[in-house]
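Below is one structure, written out as structure tokens; comments come after it.
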Amino acid sequence: MVEKLISSIDSVYIHQQAKDAAVTSRILSLFPSSKIQWVEEDSSLTHHEGSLSAHTYSQSKRKLYITPFKGQFFKRCPGASQRKALTCCNYHVLNLGLQCNMNCSYCYLQSYLKTPVMTIYSNIDDAIKELQDMSLDHGQKNLRVGTGEVIDSLSLDPLTLYSRPLIDFFSRQKHWSLEFKTKSCHVDQFLDCDHRGNVIVSWSINPQEVIEHEEHGTASLEERLNAAEKSVRKGFPIAFHLDPMIYHENWKTNYEKLIQTLSLRFRNANVQGISVGTLRFQPEQRHIMRERFGMQSWVTQAEVFPSESGKLRYDSHLRTTMFKFAIDKFKEHSPWPVSICMETPETWIATYEKYPTQIQELKPLFQPYRL
Amino acid sequence: MYGIDMHNFKTLISCQRNLDFHPEVPWSDLLPLYCFEDELLCGFHAKDKTHHETHEATVIEFKNHNLPQCLKVLHPYLSFPEISRLTERISLRFPNHTHPESKEWVQQLWRLYGYQPREDLLILATKITALPFAVQQWLTQKKLAPQDLAPLRAVNDLNILNDYWEILLSLNPSKSEGTKGIELLVELILMGHSKETLNTHTTTTQSWLSFLQSLRYPLSTQQDLHAESKIRTLHWPAKSEARWVRRGDRSGVELKLFFSNPEELKINLVRLEKISRDVDGNNTLAELWSKN
Ligand code: SF4
């Protein structure tokens, strides 16, 4: 597993200021010295004029940069800043890096990233200190924290082992929960950690057909489900995100098969939640996607239109049909509540005929409060 | 800043025209000519004068300034096709191996003109210079910027578009229509549509774009057409106009209603109530609002 990761990375750049970090020692012990380069503060490595070209973006996935992060680690979920246009759950994100070693055609990082490297922040201790300070004031609130906003939570974890100190910190939090959200199958590195059942390991999943077509370099569906089963055996709660659902010729058959599989295999597991979302992306992202994945991709070929939030989405009727389909199938096969992520109030109403705060099972997820 | 002394003059005949990038704005005969080293920078079509008009055949040579600065002074605005051609000329005239500074010149030149010298845009510029000149002129005339031409970045060989430029030029669409048309064409070609499917006899930009749009968005187009025909079967109030319209990711009925007194309004509302009941009770119509 680690070997595969090491071979997928051509160069590792380490900032001088990260030289004493634990992650640096680990990286130095794992990577051949020929791949390592030390860099200074004013390195041109991260400075890039304007957006990244398709080529530079693709290359960035093969260049790892270890550096301390100087800003605030902890942020609200992006959906929360667009409250008028989107209905979003109350969620906070902890960014421990930037960019991802996998390669999904729809990945929003393509229109977001401005640095031509895959960054891992070396100062995990500062991040945990930030959490510690926050917990003094807000430790009694039910706070949900995720680490998979601008980097996959676990795909690089065999290199960093950041899951371990985080699980340790959350084992001392009564009211907070942590979510590792991933499309990888990397869980072995933390399964032996003691936890108090508030660390949710979640998978973004799609039918294998979609994974093969659009989620390049990610774990197969079977690998993800196996990893979920391993986590369940160690007492970790799990969650699944059918997000983004992607329209394709056999979408109904493929999604129903997936929902049935999940329902059968995880019937008795502690499944904390299911969320569904459909394909969406910033309009300017279509260009880099077209360049990187051509026009045979179900994502670049998608019939998407500008929505109220500015993102391109499927026609609203089609979205409602897709959501209804997934929700009905989950209702038919499983006991789990389903929520819709990053969607407009209209879609919530059209699908559920209610806002999420009016749905009993979902109420706790959507009770907003400010830090 | 650009002071001239007696040593800065050359004769036109001694100047080369390797940097002739076919600027759109012709250089006025009333203005003096300028050169950098022995390369003419403007007035590329100036005729060499006879020996008794030598005073007109002199060219002012820029000294103490680099090439990009000189060009910017002489040509304050350059469209993307123009800067693309100029970049090509500079690279040919001052190749890297003899002029290591030329790469830096190109970068500086692009910045001076407000273009980002990104590697993919430099590649796009090379592709643009290979387009038929009439197309380049159209792009200049409509002021298409690199971001408008972003779809072309996905095409390795722009020759695949050669069959379609004629339609574009003959329709002479506006900038936004042209940009949309180019994007639709690129996507359809890359999706595997053949020349036979894409070529259409059309006389208006609107019908050309609708045609391309229907090929690019077949499901939504079909759905919208189906909905439109269903809408027509409903008994709308007299003096009203109902049609199925798409607004971004939402589509639905747009209704224009005319009434001149409260009585007419009441009658209209009763009619609309009935339509609402019909839609509720009739599955086929209700399907308008849920797509498979
Ligand atoms: S796994 Fe997530 S972050 Fe990584 S490429 Fe896919 S969508 Fe992007």
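Within every chain, numbering begins at 1; the chains are lettered A, B, ... in the order of the sequence lines, protein sequences first and strands thereafter.
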Any donor-acceptor pair under 3.5 Å from A:His317 side chain to B:Arg250 backbone: no
Which portion of A:Phe325 sits near chain B, non-hydrogen atoms under 4.5 angstrom: neither
Value rounded to 0.5 Å, distance of OG in A:Ser53 from CD1 in B:Ile123: 7.5 Å
With B:Asp249, the side-chain hydrogen bond (donor to acceptor under 3.5 Å, both in side chains) member among A:Arg313, A:Arg319, A:Lys311: A:Arg319
Whether over 12 other heavy atoms sit under 6.0 Å from B:Arg247 CZ: no
A:Glu303 (side chain) donor-acceptor with B:Leu219 (main chain) under 3.5 angstrom: yes
Test item: B:Leu188 and A:Met295 side chains (from C-beta on) under 4.5 Å apart, heavy atoms: no
Pairing of B:Arg246 and A:Asp315 as salt bridge, 4.0 angstrom limit: yes
Interchain contact, B:Arg118 with chain A, by part (heavy-atom threshold 4.5 Å): side chain
A:Thr300 side, atom OG1; B:Glu187 side, atom CD - distance, nearest 0.5 Å: 7.5 Å
B:Lys274, NZ: over 12 other non-hydrogen atoms inside 6.0 angstrom: no
Other residues, nucleotides, ligands: >12 heavy atoms within 6.0 Å of B:Glu166 CD: no
Positions in residues 286-293 of chain A that reach chain B, provided some heavy atom is under 4.5 Å away: A:Arg286, A:His287, A:Arg290, A:Glu291
Heavy-atom contact with chain B under 4.5 Å, split by part of A:Ser51: both
Residue part contacting chain A, namely of B:Glu119, when any heavy atom lies under 4.5 Å: side chain
Beyond-backbone contact of A:Phe305 with B:Ser220, side-chain heavy atoms, under 4.5 angstrom: yes
Rounded distance [0.5 Å steps], CZ in B:Arg216 versus CD in A:Gln301: 7.0 Å
Flag if over 12 foreign heavy atoms under 6.0 Å of NZ, B:Lys143: no
